[in-house]
Amino acid sequence: MNIPNAEWVNPLISALEAVQLAVLRLLSWVGLSGTSEGQAAWPWPLRLTGENLLIDLGQARRLAWTLALLALAVVVLLLALFWRRRRWWLMGTVPLLLLLAPWPDASVLMAPAQPTSFHRSPTGFSAGSIAQGRALYAQHCVACHGADGRGGTLASAQPVWPPNLAGPLLWKRADGDVLWRILHGTHDRRGRATMPAFADSLDAQDVWALIDFMKANAAGQSLRATGAWAQPIALPDMTVRCGDHAPRALSAWRGQRMRIVLADASTAPPLEDPRLVSIIIRTSARATTTPSADCEVDNADAREALALIAGAGTDALPGLQLIADRDGWLRARNAPDQSAWSEDDLVCRTDLAPQATRGVPASDGLGALIARIDAEPVRSVKGGFIH
Ligand code: HEC
């Protein structure tokens, strides 16, 4: 997550992304940008990135000063337009302002770009898409990358060892850049192919599904290895039935905290709680007497996606509970044999040391957990931008 302490850098970096997206939208609106894989294509081989500014506050400061001086130069030019008597005098200060500006290094601000760099995934991170990605990964990728993403049987035969897909890599990259590399392959500095291209056998929709699967898999691997989700992971979307209403997407509940309970017939019903929407996912299709909750899901893809993210492979894990925050990020996990919640169950966080409960009575572990979830919202850095 690596968010810098200097709060003023965040809006600066967000602005870098917003400006580029606006330019792209404008180009596509006037018909100047082509399309690539169904979305407007970025026309240049470079783009601005905030990634280095997060590390190099000095450069970020230079960029901020430069932008401020550029804005001032624009104001001075406007003034010169209307103030005839001082026009030449005012115009003379503009080059001075440009000279005074502490321009940041271009190499710090620029990153290589692909036509798909700014593409957004159309899948909505759904359980169905993760299941599709899982099947494609087993078919096309597992030999080189391995089931756990750390390298498969053919890894050592590659020109370079494939990167660890169970680490933060997929969060560092823009999704659109990953899409491009999988479709068109990768090359080393000398132009030799390192990973083969898959554009002949996979389309963009397949690759978006693969990206969803690889993220879910990496989250599960991280939880297994370190006991935490080191990178933020969203609650996969799925179809839920709530009371007598027609089935609908879980994402329609965004804005509410959600508790997911994987349950078989022997699981005790979760106590109703006004602070959360409870969703039961049946772990065995035949169980007819599963406990009741606000909403129910009876779908193998949903079961498997959650087991994957919880680091349990395809095991059903009856009794496992997960909590998602109001923004849809998964935040806490409760093991099947654990009876009550506590702050230690917060597994999506950057500091791994358990914190002392701040004056909250121990009897309300769930309350303490929710207070911390609300107090520490997830902010993720993705492709050099903060979301
Ligand atoms: C023949 C072996 C091989 C196969 C098959 C393969 N990869 Fe790779 N992959 C590599 C190698 C080698 C690299 C490292 C490339 C580099 O760093 O230049 C890599 C890199 C990657 C990366 C990181 C790209 C980045 O941005 O740095 C991703 C993501 C990835 N592969 C996904 C996949 C997916 C998904 C599939 C299946 C559709 C797949 N790979 C199939 C060998 C393979």
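We count ligands from 1, going down the list as the structure has it; atoms in each ligand are counted the same way. Just so it is clear, the structure is predicted and the values come from calculations on it, not from any experiment.
With a 6.0 Å cutoff to the six-membered ring centre and a 45° limit on the axis angle, Arg248 counts as a cation-pi contact of Trp253.
Heavy atoms of Leu210 come nearer than 4.0 angstrom to ligand 1 in at least one pair. No heavy atom of Leu154 sits closer than 4.0 Å to any atom of ligand 1.
Interatomic distance, Thr93 OG1 to Leu97 CG, rounded to the nearest 0.5 Å: 5.5 Å.
In terms of protein heavy-atom proximity, atom 18 (O) of ligand 1 is closest to Thr194 OG1, 2.7 Å. Counting protein heavy atoms only, atom 5 (C) of ligand 1 is closest to His140 O, 3.4 Å. Of all protein heavy atoms, the one closest to atom 27 (O) of ligand 1 is Arg173 NH2, 2.8 Å. The protein atom (non-hydrogen) at minimum distance from atom 30 (C) of ligand 1 is His145 NE2, 3.5 Å. The closest protein non-hydrogen atom to atom 15 (C) of ligand 1 is Thr186 OG1, 3.3 Å. Among protein heavy atoms, atom 36 (C) of ligand 1 sits closest to Cys141 SG, 2.7 Å. The nearest heavy-atom contact from the protein to atom 24 (C) of ligand 1 is Arg181 CD, 4.0 Å.
Counting only non-hydrogen atoms, the option in Met214, Met195, Gln158 that gets closest to atom 10 (C) of ligand 1 is Met195. The option from Leu165, Leu136, Leu183 that lies nearest to atom 29 (C) of ligand 1, judged by heavy atoms, is Leu165. Atom 20 (C) of ligand 1 has its nearest heavy-atom neighbour, among Pro162, Pro163, Ala193, in Pro163.
For the residue pair Asp175 / Ser121, no side-chain donor-acceptor distance below 3.5 Å is found, with atom types taken as modelled.
Those atoms of ligand 1 with a heavy atom of Val160 less than 4.0 angstrom away are 12 (C), 14 (C), 16 (C).
Judged by distance alone, the side chain of Trp229 and the main-chain N or O of Ile309 form a donor-acceptor pair under 3.5 Å. No donor-acceptor pair closer than 3.5 Å links the side chain of Tyr137 to the backbone N or O of Ala147. A distance-only check finds no donor-acceptor pair linking the side chain of His119 to the backbone of Gly38 [under 3.5 Å]. The backbone N or O of Asp105 lies less than 3.5 Å from a partner atom in the side chain of Gln59, making a donor-acceptor pair. Looking only at distances, no side-chain donor or acceptor of Ser28 sits under 3.5 Å from a matching main-chain atom of Ala41. In this structure a side-chain-to-backbone donor-acceptor pair under 3.5 Å is missing from Arg333 to Ala310.
The side chain of Leu169, and not its backbone, has at least one atom closer than 4.0 Å to an atom of ligand 1 (non-hydrogen atoms only; side chain from C-beta on). Here Pro196 has side-chain heavy atoms under 4.0 Å from ligand 1, and that is the only part of it that gets that close.
One finds a salt bridge joining Asp374 and Arg257 here, because a Lys/Arg side-chain nitrogen approaches an Asp/Glu carboxylate oxygen to under 4.0 Å.
Here Cys144 fails the criterion, with no N, O or S atom under 2.8 Å of atom 8 (Fe) of ligand 1.
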